[in-house]
Amino acid sequence: MRVIFIGPPGAGKGTQAAKVVERWGVAHISTGDILRANVKKGTPLGLKAKEYMNAGQLVPDEVIIAMMKDRLREADCADGFILDGFPRTVPQAEALDALMKELQLDLDSALLFQVDDDTVVERLSGRRVCRKCGAIYHATFHPTAVEGVCDVCGGEIYQREDDRESVIRQRLAVYHEQTAPLIDYYRGQSRLLEVDAAGSSDSVLAVLESTLGA
Ligand code: ADP
Ligand code: ZN
């Protein structure tokens with residue numbers, strides 16, 4: 001299985017990816033996670049990416065493309081992958097097509113998570129994350145038992161810098177301008193699948209199961 005997840009921030013791509021990984025054992029490649037790990041470690045890549053990320057802007061294409069060229073050659077990608085957060089622009093999609101061709105691999109599908117902007121703002125402004133294990137909570141819909149403490153590992157709960165409302169609006173604007181054109185791009189390749197991501201459901205697993213026969 002080689003699948004791309006497309007959707008606005010807060011569409012639940014990461015949550016669904018975790019379920020797909022559990023079910024099919026493919027690699028989950030989240031560009032956001034890779035970038036945040038680099039920011040945390042203070043690597044050259046992290047230093048380049050940090051300002052863009054905190055402002056809700058995209059990191060430049062050439063930086064992302066170089067990073068993904070390395071990542072997709074790693075051994076764990078041989079049995080398939082979910083790309084969560086890449087490609088996010090048409091030039092990134094074109095670079096991915098070129099790389100797939102070079103590696104003689106084929107993409108199965110691009111899965112579009114459909115959810116409206118108000119739902120995104122409600123979800124993300126309440127989102128809280130464990131600093132230690134990455135577990136995800138929501139201040140209203142899924143709070144931790146003890147405020148500020150992770151239920152799973154006891155780690156510290158925090159709010160991502162880019163989950164403040166003004167930055168969320170900026171990320172949504174960037175999504176509509178720069179990422180939404182990928183919908184037509186993959187529709188044109190007959191690879192687009194669409195799922196309703198407004199509720200909490202297992203429709204993603206069902207769609208993948210029925211179309212890929214996995
Ligand atoms: P989101 O919740 O917005 O989907 P991610 O965790 O996927 O967040 O990404 C966080 C930030 O990392 C983005 O706002 C952007 O600055 C940067 N980023 C992640 N993936 C890409 C990409 N493919 N191209 C450019 N920037 C990216
Ligand atoms: Zn934790």
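Note: hydrogens, waters and symmetry copies are ignored here, and every other heavy atom, side chains too, is used. Whatever order the structure lists ligands and atoms in, that order sets their numbers, starting from 1. From a predicted model like this one, the values you see are computed outputs, not experimental measurements.
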(message) Check this for me: Y137, atom OH, are more than 12 non-hydrogen atoms of other residues, nucleotides or ligands nearer than 6.0 Å?
(response) yes

(message) Please compare L35, I34, I168, V63 and report which has the shortest non-hydrogen distance to atom 17 (C) of ligand 1.
(response) L35

(message) Give me the residue, atom name and distance of the protein heavy atom closest to atom 10 (C) of ligand 1.
(response) R36 NH1, 3.7 Å

(request) Decide yes or no on side chain to side chain contact (heavy atoms under 4.5 Å, CB included) for F86 and I29, but give the supporting numbers first. (result) CA-CA 9 Å; F86 174 87; I29 304 175; over 6 Å; no

(request) Give the intermediate values and the outcome of salt bridge (charged side-chain N to carboxylate O under 4.0 Å, His left out) for residues E102 and R73. (result) CA-CA 11 Å; E102 192 186 320; R73 287 173 204 275; 3.1 Å; yes

(request) At a cut-off of 2.8 Å, list the protein N/O/S atoms near the Zn ion (ligand 2), residue plus atom name. (result) C130 SG, C133 SG, C150 SG, C153 SG

(request) Would you indicate whether D76, at its atom CG, is surrounded by more than 12 heavy atoms from other residues, nucleotides or ligands within a distance under 6.0 Å? (result) yes

(message) Show me which atoms of ligand 1 lie under 4.0 Å from any heavy atom of R160.
(response) 2 (O), 6 (O), 8 (O), 10 (C)

(request) Distance to 0.1 Å, residue and atom name: give those for the protein heavy atom nearest to atom 26 (N) of ligand 1. (result) V59 N, 3.0 Å

(message) Quick one: does any side-chain atom of Q92 pair with a main-chain N or O of R88 as donor and acceptor, under 3.5 Å?
(response) yes

(request) Calculate, to the nearest 0.5 Å, the distance between atoms SG and CG belonging to C133 and D151 respectively. (result) 9.5 Å

(message) My understanding is that we take every heavy atom of each candidate and find the minimum distance to atom 21 (C) of ligand 1. Doing that for R123, R171, R88, which one comes out nearest?
(response) R88

(request) Report, in ascending order of atom number, the atoms of ligand 1 lying under 4.0 Å from any heavy atom of Q92. (result) 22 (C), 23 (N), 24 (N), 25 (C)

(message) Heavy atoms only, cut-off 4.0 Å: how does I64 contact ligand 1, side chain, backbone, both, or neither?
(response) side chain

(message) Tell me whether the NZ or CZ atom of R191 lies within the 45° cone about the ring axis of Y186 and under 6.0 Å from its centre.
(response) no

(message) Distance under 4.0 Å to a non-hydrogen atom of K13: what atoms of ligand 1 satisfy this?
(response) 4 (O)

(request) For the residue pair Y175 and V120, establish whether any side-chain heavy-atom pair is separated by less than 4.5 Å. (result) no

(request) Would you mind running through ligand 1 and noting each atom that sits below 4.0 Å from a heavy atom of G85? (result) 20 (N), 21 (C), 22 (C), 23 (N)

(request) Apply side chain to side chain contact (heavy atoms under 4.5 Å, CB included) to V149 and T144, showing your working. (result) CA-CA 7 Å; V149 182; T144 52; 5.7 Å; no

(request) Would you check whether T31 has a nitrogen or oxygen atom less than 3.5 angstrom from a nitrogen or oxygen atom of ligand 1? (result) yes

(request) Let me see the working for E22 and K19 under salt bridge (charged side-chain N to carboxylate O under 4.0 Å, His left out), right down to the final yes or no. (result) CA-CA 5 Å; E22 194 179 314; K19 291 187 195 175; over 6 Å; no

(request) Decide yes or no on salt bridge (charged side-chain N to carboxylate O under 4.0 Å, His left out) for R171 and D163, but give the supporting numbers first. (result) CA-CA 9 Å; R171 286 157 70 202; D163 279 346; 3.0 Å; yes

(message) Out of all atoms in ligand 1, which are within 4.0 Å of some heavy atom of R127? Include the element for each.
(response) 2 (O)

(message) Does the residue K50 have a heavy-atom contact with ligand 1, meaning some pair of atoms that are separated by less than 4.0 Å?
(response) no

(request) In sequence, state the C-alpha distance, the side-chain angles, and the governing distance for E147 and R128, and then conclude on salt bridge (charged side-chain N to carboxylate O under 4.0 Å, His left out). (result) CA-CA 11 Å; E147 200 183 329; R128 301 291 183 271; over 6 Å; no

(request) Just jot down the ligand 1 atoms closer than 4.0 angstrom to any heavy atom of Q57, in number order. (result) 15 (C), 16 (O)

(request) Report the residue from I34, V59, T89 that forms a side chain to side chain contact (heavy atoms under 4.5 Å, CB included) with I64. (result) V59

(request) For ligand 1, find out whether one of its N or O atoms is nearer than 3.5 Å to an N or O atom of F86. (result) no

